[in-house]
> 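First, the structure itself, so that you have it in front of you.
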Amino acid sequence: MYGTSMYILCHKLKLLKGPLKELNRLHFSHISERVSRLESQLDQLQSAFQQDRDNSLLFEQDKLFRSKLSSLKFAENQFFRQKIKCKFLKDSDRGSKFFHALMGQNHRRNFIPAITCSNGRITNSLKEVGDVFVAYYQQLLGTSKSTIPLDSNIIQCGPCLPSHFQGSLLSPVSQDDIRQAVFSIANEKAPGPDGYSSFFFKEAWLIVGGDFYAAIQDFFHTGRLLKQVSHSIIALVPKFGNVSSPSDYRPISCCNVIYKVLSKILAGRLAQALQEIVSPMQNAFLGGRYMSDNINLVQELLRQYYRKRSSPRCLLKVDFKKAFDSVQWDFLESLLCHLGFPAHFVLLVMQCISSASYLVAVNGDIHGFFSGHNGVRQGWVPISSQMCSSGYHSPCLCRRCPSSFSWGPLISLLFSPATYTLWPDLGFAH
């Protein structure tokens with residue numbers, strides 16, 4: 001087999017699908033029916049064995065049937081656990097009514113019988129429902145918008161990447177780094193379009209580990225990424241009850257494990273550098289910082305705002321609509337370069353982000369296929385939002401503030417000075 005290491009790995013995984021499907025068809029298809037049928041056969045066998053306890057053949061068959069039934073029940077349990085995504089069930093809940101009731105509840109919650117079209121018309125055609133979601137996300141993620149060029153003078157007002165971080169960002173990726181990234185992905189996480197979950201790679205690591213190492217290291221060396229690796233399926237989760245429009249659903253990108261490992265390694269390295277770049281007012285998604293700190297801070301600053309004898313004061317709340325889905329790739333790449341990140345590292349990050357392509361899962365079926373032109377997926381969400389808010393908007397806010405503006409006495413005591421508090425997609429300016 002010829003080609004790049006990543007192509008060889010993907011091609012081998014593609015060839016493996018045929019035997020795996022045949023294995024499933026022969027031994028695990030219609031798993032619940034198989035369990036019921038084997039239980040009935042075991043009952044009949046045990047009834048016959050009660051009549052003839054000295055029959056060694058019936059005794060051996062009873063042991064064999066028990067072993068098969070235990071194996072099938074375990075497979076059935078794993079199958080339904082994956083479908084209902086329930087983490088608090090114990091092994092004693094195998095096949096119980098509560099178990100199946102949870103699965104039915106999830107199915108009813110995620111089923112989309114009707115949706116409001118862009119023209120205000122409500123459709124209950126399952127095909128049209130899928131087309132509405134494809135059109136919505138193609139407009140949201142598949143359409144780029146022009147951005148204002150970055151002002152390097154504003155960037156220089158804030159912190160940039162220290163020179164000693166350059167080497168750590170470009171250091172070779174070891175096999176331990178790759179293995180740690182793979183085994184840090186939970187077993188129950190949904191697979192990507194290729195159908196392989198992290199559990200498969202963990203169980204078959206002695207077989208696929210060598211090809212997996214070579215594929216990941218080849219990407220970090222050459223900066224080339226196969227398009228099929230970047231494919232992802234958008235799963236829809238309702239934000240609340242009685243949803244009626246596509247914007248009422250939270251999109252979750254189900255990515256391939258290879259892509260997850262690439263983004264985990266890059267995001268982990270980038271996160272270390274962000275500790276030096278991201279404003280101390282930014283909390284959440286950074287080690288040692290907690291979202292609750294900003295909540296308590298804002299509550300403290302708002303105390304006695306109503307007093308008439310106090311000096312005039314104001315608080316501006318800025319909420320970024322679709323903050324993660326509207327990040328423009330040109331802006332993000334330019335920001336990385338202005339902040340002083342190495343060119344090869346910027347290439348690797350943008351290769352992961354800008355090669356995105358999507359399918360939309362609606363009511364158990366796959367609809368549409370389109371390439372992305374903006375927005376970021378899992379792994380890059382907190383990092384991109386922190387960089388865009390703290391790396392550019394925060395220095396801009398400080399620079400634009402007139403010299404005649406004075407801070408409140410409480411703010412002056414707490415900070416030197418504090419002008420804003422930031423969440424990943426929300427900001428308060430005091």
Side-chain angles (χ1 to χ4, degrees), residues 14 17 21 24 29-30 79-80 82-86 100 102-145 188-197 226-260 321-327 329 353-381:
K14 184 178 180 180
K17 284 187 176 181
K21 289 180 180 179
N24 178 71
S29 61
H30 308 290
F79 174 74
F80 285 114
Q82 292 178 16
K83 289 182 72 69
I84 65 177
K85 296 290 182 182
C86 185
H100 290 277
L102 281 176
M103 188 179 65
Q105 179 185 6
N106 282 3
H107 177 75
R108 289 189 296 271
R109 182 188 63 189
N110 296 327
F111 184 75
I112 307 173
I115 201 69
T116 303
C117 303
S118 57
N119 57 7
R121 181 176 62 88
I122 298 178
T123 178
N124 55 7
S125 169
L126 296 183
K127 182 180 182 305
E128 290 186 1
V129 168
D131 294 340
V132 169
F133 278 101
V134 171
Y136 174 78
Y137 285 108
Q138 191 165 7
Q139 175 66 27
L140 181 64
L141 301 172
T143 306
S144 61
K145 301 177 179 62
E188 68 274 4
K189 292 297 182 181
D194 64 0
Y196 292 99
S197 66
L226 290 181
K227 291 184 177 180
Q228 65 198 70
V229 174
S230 294
H231 293 341
S232 59
I233 298 176
I234 297 178
L236 305 171
V237 178
K239 297 179 180 178
F240 44 82
N242 300 322
V243 291
S244 59
S245 66
S247 60
D248 296 335
Y249 289 85
R250 182 175 291 108
I252 305 296
S253 293
C254 300
C255 305
N256 295 319
V257 173
I258 303 175
Y259 180 87
K260 290 180 182 179
K321 180 182 179 182
K322 295 292 183 184
F324 311 137
D325 300 328
S326 60
V327 174
W329 294 342
I353 293 176
S354 62
S355 59
S357 54
Y358 301 95
L359 304 103
V360 184
V362 182
N363 296 332
D365 294 325
I366 301 299
H367 297 264
F369 178 81
F370 60 92
S371 299
H373 289 88
N374 63 278
V376 292
R377 294 176 286 185
Q378 278 90 335
W380 301 108
V381 164

> Are more than 12 heavy atoms, taken from residues, nucleotides or ligands other than K145, located less than 6.0 Å from that residue's NZ atom?
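More than 12 heavy atoms, drawn from other residues, nucleotides or ligands, come within 6.0 Å of this atom.
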> Kindly indicate whether the side chain of S247, heavy atoms from C-beta on, has any atom under 4.5 Å from the side chain of Y136.
yes
> Checking S244 side chain against T116 main chain: does a donor-acceptor pair fall under 3.5 Å?
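No; zero donor-acceptor contacts below 3.5 Å.
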> Ignoring hydrogens and geometry beyond distance, is a side-chain donor-acceptor pair present between H231 and S357 at under 3.5 Å?
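Yes, a side-chain donor-acceptor pair sits under 3.5 Å.
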> Checking N110 side chain against A235 main chain: does a donor-acceptor pair fall under 3.5 Å?
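No: the side chain of N110 does not pair with the backbone of A235.
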> How long is the straight-line distance from CD1 of I233 back to CD1 of I252, given to the nearest 0.5 Å?
13.5 Å
> Using every non-hydrogen atom in the two residues, find where Y358 and S253 come nearest and quote the distance to one decimal.
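Taking Y358 first and S253 second, the nearest heavy atoms are CE2-OG, 4.0 Å.
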> Of the options D131, V129, I122, V132, which is the one that meets C117 in a side-chain contact (heavy atoms from CB on, under 4.5 Å)?
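The option that passes is V132.
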> When rounded to the nearest 0.5 angstrom, what is the spacing between CG in N24 and NE2 in H30?
9.5 Å
> Between D365 and V362, is there a donor-acceptor pair closer than 3.5 Å when you use the side chain of the first and the backbone of the second?
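No.
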> Is there a side-chain contact between T143 and F370 in this structure, where contact means two heavy atoms from C-beta onward sitting under 4.5 Å apart?
no
> Hey, are the side chains of K260 and K189 touching, using non-hydrogen atoms and a 4.5 Å cut-off?
yes
> To the nearest 0.5 angstrom, please state how far the CD1 atom of I115 sits from the CD atom of E128.
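If we round to the nearest 0.5 Å, I115:CD1 and E128:CD are 12.0 Å apart.
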> Treating N256 as the side-chain partner and D194 as the backbone partner, does any N or O pair qualify as donor plus acceptor under 3.5 Å?
yes
> Taking all atoms of both residues into account, what is the closest heavy-atom pair of G375 and I353, and its distance?
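Reported closest heavy-atom pair: O-CG2, 4.1 Å.
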> What heavy-atom pair brings Y259 and C255 nearest, and what distance separates the two atoms?
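Where Y259 meets C255 most closely, the heavy atoms are CD2-CB, 3.9 Å.
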> Does any N or O in the side chain of N119 come within less than 3.5 Å of the main-chain N or O of R121, such that one atom is a donor and the other an acceptor?
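Pair found, side chain donor or acceptor close to backbone of R121.
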> Roughly how far apart are I112 CD1 and L126 CG, rounded to 0.5 Å?
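Reported to 0.5 Å precision, the distance equals 10.0 Å.
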> What pair of heavy atoms forms the shortest contact from Y137 to P246, and how long is it?
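Minimum heavy-atom separation between Y137 and P246: OH-O, 4.0 Å.
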> Aromatic rings F133 and Y249: how do their planes relate, parallel, tilted or perpendicular, breaks at 30° and 60°?
perpendicular
> Once rounded to the nearest 0.5 Å, what's the spacing between atom CG of L359 and atom NE2 of H367?
10.5 Å
> Of all the heavy-atom pairs spanning V243 and P238, show the shortest one and how long it is.
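Distance-wise, the nearest heavy atoms are CG1-CB, 4.0 Å.
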